[in-house]
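Bear in mind that the values here come from a model prediction, so they are computed numbers and not experimental data. Remember, it's 1-based here, ligands and their atoms both numbered in the order they're listed.
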Amino acid sequence: MATVQLVKPRRFGDARGWFSETYSRRAYEALGIGPEFVQDNHSMSAAIGTLRGLHFQVPPHGQGKLVRCTAGAIMDYALDIRHGSPTYGRWLSAELTAENGYQLWVPVGFAHAFVTLAPNTEVIYKVTDYYAPECDSGVRWDSVGIEWPLPLGGPVLSDKDRALPTLAELESPFPYDGEPLPERLA
Ligand SMILES: Cc1cn([C@H]2C[C@H](O)[C@@H](COP(=O)(O)OP(=O)(O)O[C@H]3O[C@H](C)C(=O)[C@H](O)[C@H]3O)O2)c(=O)[nH]c1=O
């Protein structure tokens with residue numbers, strides 16, 4: 001069973017600053033997150049309004065993603081694309097910032113995207129399968145009804161993302177696992 005989760009790791013502050021465990025297999029496995037992560041990713045986006053996504057890898061290399069922001073801030077999104085899901089096409093979002101240290105768990109069966117809310121924003125995320133370019137896929141950012149927090153000039157997009165198919169054109173390869181998307185993140 002997979003569902004989108006917001007994790008708020010504890011920070012232990014003292015006069016020097018703070019310490020936080022940003023991942024622990026036993027703690028996260030108990031939450032149903034992972035359990036097996038095989039690759040860490042790190043991206044930097046210079047401009048506010050950089051929008052990366054909505055991406056996913058199709059089977060057999062679907063990826064669960066544990067996402068956090070280590071510099072700047074993002075609005076992070078998980079879109080339900082499991083065919084037969086009663087919440088198909090619905091999404092949940094969370095503001096992940098270097099300041100709050102929050103993490104979003106995006107299971108297989110969900111498309112992932114973020115838009116940056118600050119310059120020079122860095123995002124680090126663990127994934128449960130390796131990069132498989134032949135399985136790289138996605139849906140276009142403006143085809144899902146998300147009201148993105150964008151600057152007046154609109155998003156900064158890659159050519160690849162600009163050319164993604166719409167959600168309506170997607171024939172989802174992901175089966176529904178019986179767990180609808182919650183109304184909101186806990
Ligand atoms: C994802 C990935 C990319 N690359 C190479 C391929 C390209 O030469 C370059 C940039 O790739 P891309 O434009 O796909 O990067 P993003 O637009 O940041 O895509 C990612 O951002 C969204 C938010 C996601 O959820 C995915 O993890 C991922 O699709 O890195 C790799 O070598 N390994 C990888 O795992």
Side-chain angles (χ1 to χ4, degrees), residues 2-7 22-23 28 33-34 36-82 89-98 101-151 154-167 169-170 172-174 181 185:
T3 190
V4 179
Q5 294 186 57
L6 181 64
V7 183
T22 54
Y23 175 69
Y28 283 57
I33 293 174
E36 193 71 51
F37 292 100
V38 297
Q39 179 178 310
D40 280 356
N41 296 333
H42 186 172
S43 68
M44 190 284 287
S45 304
I48 293 179
T50 300
L51 195 161
R52 295 177 185 251
L54 292 136
H55 298 157
F56 54 92
Q57 290 193 166
V58 298
H61 296 295
Q63 291 175 315
K65 299 170 185 169
L66 181 63
V67 188
R68 65 193 178 99
C69 176
T70 55
I74 61 170
M75 190 59 78
D76 206 34
Y77 295 84
L79 172 79
D80 187 354
I81 54 169
R82 298 167 296 173
R90 272 201 37 220
W91 70 89
L92 286 173
S93 64
E95 187 170 354
L96 310 182
T97 71
Y102 292 173
Q103 303 174 351
L104 192 67
W105 165 241
V106 181
V108 171
F110 290 79
H112 176 239
F114 63 78
V115 63
T116 60
L117 306 174
N120 303 319
T121 283
E122 297 190 39
V123 175
I124 286 179
Y125 48 110
K126 308 178 83 71
V127 291
T128 59
D129 203 341
Y130 294 105
Y131 177 53
E134 74 282 5
C135 294
D136 198 22
S137 187
V139 293
R140 214 173 65 217
W141 68 284
D142 57 355
S143 72
V144 297
I146 292 175
E147 290 189 20
W148 304 85
L150 291 171
V156 174
L157 293 166
S158 67
D159 291 342
K160 181 184 80 167
D161 288 354
R162 211 182 298 279
L164 287 171
T166 65
L167 180 62
E169 292 164 331
L170 175 68
S172 170
F174 299 107
L181 200 58
L185 289 164

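Not a single heavy atom of Q63 lies less than 4.0 angstrom from ligand 1.
Atom 30 (O) of ligand 1 is not flagged as protein-proximal [any protein heavy atom, distance under 4.0 Å]. Shown here, atom 35 (O) of ligand 1 is in close reach of the protein: a heavy atom of it lies under 4.0 Å off. There is a protein heavy atom closer than 4.0 angstrom to atom 6 (C) of ligand 1. For atom 10 (C) of ligand 1, the nearest protein heavy atom is 4.0 Å or more away.
Shortest contact from atom 22 (C) of ligand 1 to any protein heavy atom: H55 ND1, 3.1 Å. Ranking protein heavy atoms by distance to atom 20 (C) of ligand 1, first place goes to Y125 OH, 3.3 Å. When only non-hydrogen protein atoms are considered, atom 12 (P) of ligand 1 lies nearest to K160 NZ, 3.9 Å.
Side chain of S143 to main chain of T166: no donor-acceptor pair is present (N/O by atom type, distance under 3.5 Å, no hydrogens or angles). A donor-acceptor pair is defined here as one N or O able to donate and one able to accept, closer than 3.5 Å; no such pair exists between the side chain of D76 and the backbone of A94. When atom types are taken as modelled, the side chain of S172 and the backbone of I81 share a donor-acceptor pair closer than 3.5 angstrom. Under the 3.5 Å distance criterion, the side-chain polar atoms of T50 are left unmatched by any main-chain donor or acceptor of V156. Side-chain N or O atoms of T116 include one that pairs as donor or acceptor with a backbone N or O of A47 at under 3.5 Å.
With F56, Y131, F110 as candidates, the residue nearest to atom 2 (C) of ligand 1 on a non-hydrogen basis is Y131. Atom 24 (C) of ligand 1 has its nearest heavy-atom neighbour, among K65, R52, H42, Q57, in K65.
Closest of all the heavy-atom pairs between K65 and W105 is O-CE3, 3.3 Å. Across all non-hydrogen atoms, the minimal contact from Y102 to E95 is CD1-O, 4.0 Å.
Two rings, from F56 and F174, have their centers less than 6.0 Å apart.
On a distance-only criterion, Q39 and ligand 1 share at least one N/O pair closer than 3.5 Å. Annotation: D136 places no N or O atom under 3.5 Å from an N or O atom of ligand 1; distance criterion only.
Near H112, meaning under 4.0 Å from one of its heavy atoms, ligand 1 places the atoms 23 (C), 24 (C), 25 (O).
Using a 4.5 Å cut-off on side-chain heavy atoms (C-beta onward), N41 and V127 make contact.
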